[in-house]
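First up is the structure itself, then whatever we jot down about it.
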Amino acid sequence: MKNDNNPEIEYSEAFKEKDSSYWAKWYALLILSLIVKIAAFYYLTIHYS
Amino acid sequence: MSWIDWLVLCSTLMAIVIYGLYKSRGQTDTTSYFKGNNSLPWYAVGLSVMATQASAITFLSAPGQAYTDGMRFIQYYFGLPLAMIVICAVFIPLYHKLNVYTAYEFLETRFDLKTRSLTALLFLIQRGLASGLTIYAPAIILSTLLSWDIFYTNLAIGGLVIVYTYFGGSKAVSYTQLAQMSIILIGIFIAAIQILQLLPQHINLSDAVKISGYMGKMNIIDTQLNFNEKYNLWSGILGGFFLSLSYFGTDQSQVGRYISGKSVTEIRYGLLFNGFLKIPMQFFILFIGVLLFSFYTFQKPPIFFNQNLENTLINSSYSSEYQKISQQYDSIFEMKKALTNVWLESQNSDIQIWKEISSCQEKMDLLRLESKSLIAKEDKSKDTNDINYIFLDFVLRYFPVGMIGLLIAVIFSASMSSTSSELNALASTSVVDIYRRSIAKDKTESHYLKASKMGTLIWGIFAISVSNIATKMGSLIEAVNVLGSIFYGTILGVFLVAFFVKYIHGKAVFIAAVIAQLVTILFFYFSQLGFLWYNLLAPSVIIVVGLLLQFIFNMQNLKK
């Protein structure tokens with residue numbers, strides 16, 4: 001939403017919103033990679049013991 | 001070591017020091033000295049954080065640990081990526097917003113001066129002593145295997161670090177770490193390739209992993225919940241999470257690394273980089289130990305990887321007993337080697353032969369234990385644990401000229417990278433949290449810069465002194481390591497309350513922190529609880545006691 005009195009507000013809020021969802025994707029990717037690593041390690045443990 | 005190895009070692013180390021000094025020239029104030037003018041890109045932040053954590057003992061000990069105990073140590077790192085997320089989401093924006101030099105500075109804004117000073121002091125005690133061990137631990141191994149004088153080895157590692165940390169501050173630390181981490185990664189990659197090449201022609205990677213794996217070395221995941229077991233999936237995720245949160249979020253040697261980043265975005269990228277790469281890197285280092293085990297299935301492993309221990313027995317009254325053990329060991333090894341070849345020819349299907357191979361391995365392990373007990377009889381003060389010597393002994397025996405120098409440079413680099421972060425953090429905490437805040441207020445920037453450099457020098461000399469005292473007092477090492485794990489939980493608890501429990505104020509958290517510290521010490525003395533759980537115990541005590549005390553204080557205020 002545009003703020004006619006202060007355009008800066010719109011910019012900063014839009015940036016903030018985008019910012020948090022952007023990082024949320026990175027965090028989700030990091031958790032996913034941890035799960036994949038643990039699953040791969042579990043497979044190796046079972047396969048080679 | 002040949003002159004070529006010396007040349008490789010000295011030129012690598014000198015190049016790193018000169019590069020660090022060149023990149024960090026022109027320090028004018030404490031902002032540039034402690035925060036490098038907030039100029040670091042994300043990859044420098046990430047590598048600097050990784051280099052700080054990866055001390056020399058990581059590279060010396062981890063392959064040996066996998067060789068003897070298997071790869072289960074990797075579970076220790078499972079909580080790290082989760083901690084990175086919390087630090088990126090909660091800690092970084094606050095540290096950046098408040099523009100802090102140290103993590104403890106934030107605590108005065110949130111609580112009060114005494115809480116800031118308490119945590120800063122706990123950090124200085126713990127990290128000050130640990131910095132000596134960061135130098136001592138690789139120095140004792142290098143000096144034993146290469147017959148170097150321990151005093152000069154400590155002095156060489158500590159002295160080089162002091163030079164560039166004193167002159168270049170945080171920026172020099174970060175840029176040297178960039179170079180050091182590159183050398184480390186190249187070194188371990190070459191080491192793995194070298195081991196693979198040294199395996200017999202008919203053994204491929206899959207065979208090598210099978211041989212080690214069937215001997216229990218690929219025990220990467222343990223899903224059983226056992227509170228007294230140091231490494232399992234649950235202690236790794238939960239305990240490891242709190243340990244990593246404490247180490248990366250509240251230990252100034254790590255906080256000091258990433259607050260030098262250009263922006264919140266660059267810092268977050270750097271920490272995510274660490275979160276993605278740390279486990280694969282550690283897996284790779286441990287995997288070297290697994291390959292080493294396969295290598296020593298076809299090449300006779302020494303009974304003692306620390307040659308000095310063998311020399312002690314040969315020159316003792318137990319020499320003839322040791323000779324008998326040695327002969328038995330040789331013949332069992334030859335039998336095991338022959339059986340393994342037969343087993344491989346049978347396409348790994350002959351279970352009976354595998355049982356015989358396992359039995360041979362057990363006998364060899366038993367003979368190693370017998371030899372160690374002979375040493376204990378001869379000289380009780382001798383440390384017979386040679387896990388840390390396994391990898392370096394292998395390098396010295398089987399690596400070609402030139403590469404030995406490179407691998408020794410890797411060990412030096414790892415030790416220097418951790419020590420430099422520690423010295424920089426000790427100096428910044430001493431100057432910013434204690435000296436500038438409580439002793440000498442309102443002085444000029446140049447005065448504080450001089451004090452910061454002096455702080456670096458004093459802590460450097462202190463670290464070298466501790467490393468030399470540790471040489472004479474074996475038990476001190478264990479004491480200092482325990483000290484570290486005992487303090488971490490309390491510091492983390494104070495920070496967790498600061499970030500997440502707004503209800504609790506300064507007075508309540510301070511008393512709760514003192515109580516939590518005492519409880520942790522009591523648990524250490526009177527329980528069998530694995531040390532990773534201390535990082536969960538102390539914060540829990542601080543939160544519960546803090547809430548209770550705050551409630552009481554609020555009630556008292558209402559009555560008044």
Side-chain angles (χ1 to χ4, degrees), chain A, chain B residues 70-72 74-75 77-90 92-93 206-223 232-234 236-237 240-241 263-265 267-269 271-283 286-287 290 294 348:
Chain A
M1 195 173 290
K2 192 161 174 86
N3 184 333
D4 292 333
N5 296 329
N6 190 353
E8 282 297 309
I9 291 175
E10 186 199 39
Y11 169 76
S12 66
E13 279 177 359
F15 182 77
K16 215 173 181 180
E17 192 59 36
K18 187 183 168 195
D19 192 49
S20 58
S21 67
Y22 175 78
W23 290 114
K25 282 175 197 160
W26 272 109
Y27 301 152
L29 192 65
L30 189 56
I31 292 171
L32 188 69
S33 86
L34 176 65
I35 293 167
V36 170
K37 280 169 199 158
I38 292 174
F41 291 153
Y42 190 69
Y43 169 78
L44 287 173
T45 307
I46 300 294
H47 191 71
Y48 288 107
S49 60
Chain B
M71 291 192 64
R72 66 194 185 120
I74 191 82
Q75 296 169 111
Y77 295 95
F78 286 172
L80 185 146
L82 304 174
M84 290 300 109
I85 294 173
V86 176
I87 293 167
C88 284
V90 183
I92 304 293
S206 171
D207 292 332
V209 179
K210 269 179 197 158
I211 291 165
S212 300
Y214 291 179
M215 284 288 177
K217 308 301 173 189
M218 292 295 284
N219 55 350
I220 314 170
I221 302 278
D222 177 4
T223 51
N232 59 46
L233 184 63
W234 315 112
I237 291 176
F241 167 73
S263 62
V264 169
T265 301
I267 297 170
R268 279 177 169 162
Y269 278 143
L271 290 181
L272 287 174
F273 176 79
N274 183 38
F276 280 110
L277 283 192
K278 182 68 195 180
I279 294 174
M281 187 186 95
Q282 210 57 42
F283 177 86
L286 284 164
F287 193 64
V290 169
S294 299
N348 322 325

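Numbered from 1 within each chain, the chains take letters A, B, ... in sequence-line order.
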Suppose we count any N or O donor within 3.5 Å of an acceptor, strictly below that value; which pairs fall between chain A and chain B?
{"from": "A/Y22", "atom 1": "OH", "to": "B/Y269", "atom 2": "OH", "distance (Å)": "2.4"}
{"from": "A/K37", "atom 1": "NZ", "to": "B/F276", "atom 2": "O", "distance (Å)": "2.9"}
{"from": "A/T45", "atom 1": "OG1", "to": "B/I220", "atom 2": "N", "distance (Å)": "3.4"}
{"from": "A/T45", "atom 1": "OG1", "to": "B/I221", "atom 2": "N", "distance (Å)": "3.2"}

Quiz prompt | Contacting region of A/L30 [heavy-atom separation from chain B under 4.5 Å] | solution = both
Quiz item: At what distance, to the nearest 0.5 angstrom, does CD1 of B/I221 lie from CD1 of A/I46?
Solution: 9.5 Å
Quiz item: In terms of heavy-atom pairs under 4.5 Å, which option from B/V209, B/L233, B/I237 contacts chain A the most?
Solution: B/V209
Quiz item: About how many Å separate CG of B/L277 and CZ of B/F283, when rounded to the nearest 0.5 Å?
Solution: 14.5 Å
Quiz item: Once you round to the nearest 0.5 Å, how far does CG of B/L272 lie from CD1 of B/I267?
Solution: 12.0 Å
Practice problem: List in chain and number order the residues that pass ring pair (Phe, Tyr, Trp, His ring centres under 6.0 Å) with B/F78, two or more places apart in sequence or in another chain; answer none if no residue qualifies. | Solution: none
Self-check item: Under 4.5 Å from a heavy atom of chain A, the part of B/I74 involved
Solution: side chain
Self-check item: Audit row: B/I220, B/F287, side chain to side chain contact (heavy atoms under 4.5 Å, CB included) steps and yes/no
Solution: CA-CA 10 Å; B/I220 314 170; B/F287 193 64; over 6 Å; no
Exercise. Determine, step by step, whether B/L80 and B/I279 satisfy the side chain to side chain contact (heavy atoms under 4.5 Å, CB included) criterion, reporting the C-alpha distance in whole Å, the side-chain angles of both residues, the deciding distance to 0.1 Å, and the verdict.
Key: CA-CA 8 Å; B/L80 185 146; B/I279 294 174; 5.8 Å; no
Exercise. Kindly indicate whether the side chain of A/I31, heavy atoms from C-beta on, has any atom under 4.5 Å from the side chain of B/P81.
Key: no
Self-check item: Part of A/I38 lying under 4.5 Å from any heavy atom of chain B
Solution: both
Exercise. Please name all residues satisfying ring pair (Phe, Tyr, Trp, His ring centres under 6.0 Å) with B/F241, sequence neighbours left out, ordered by chain then number.
Key: none
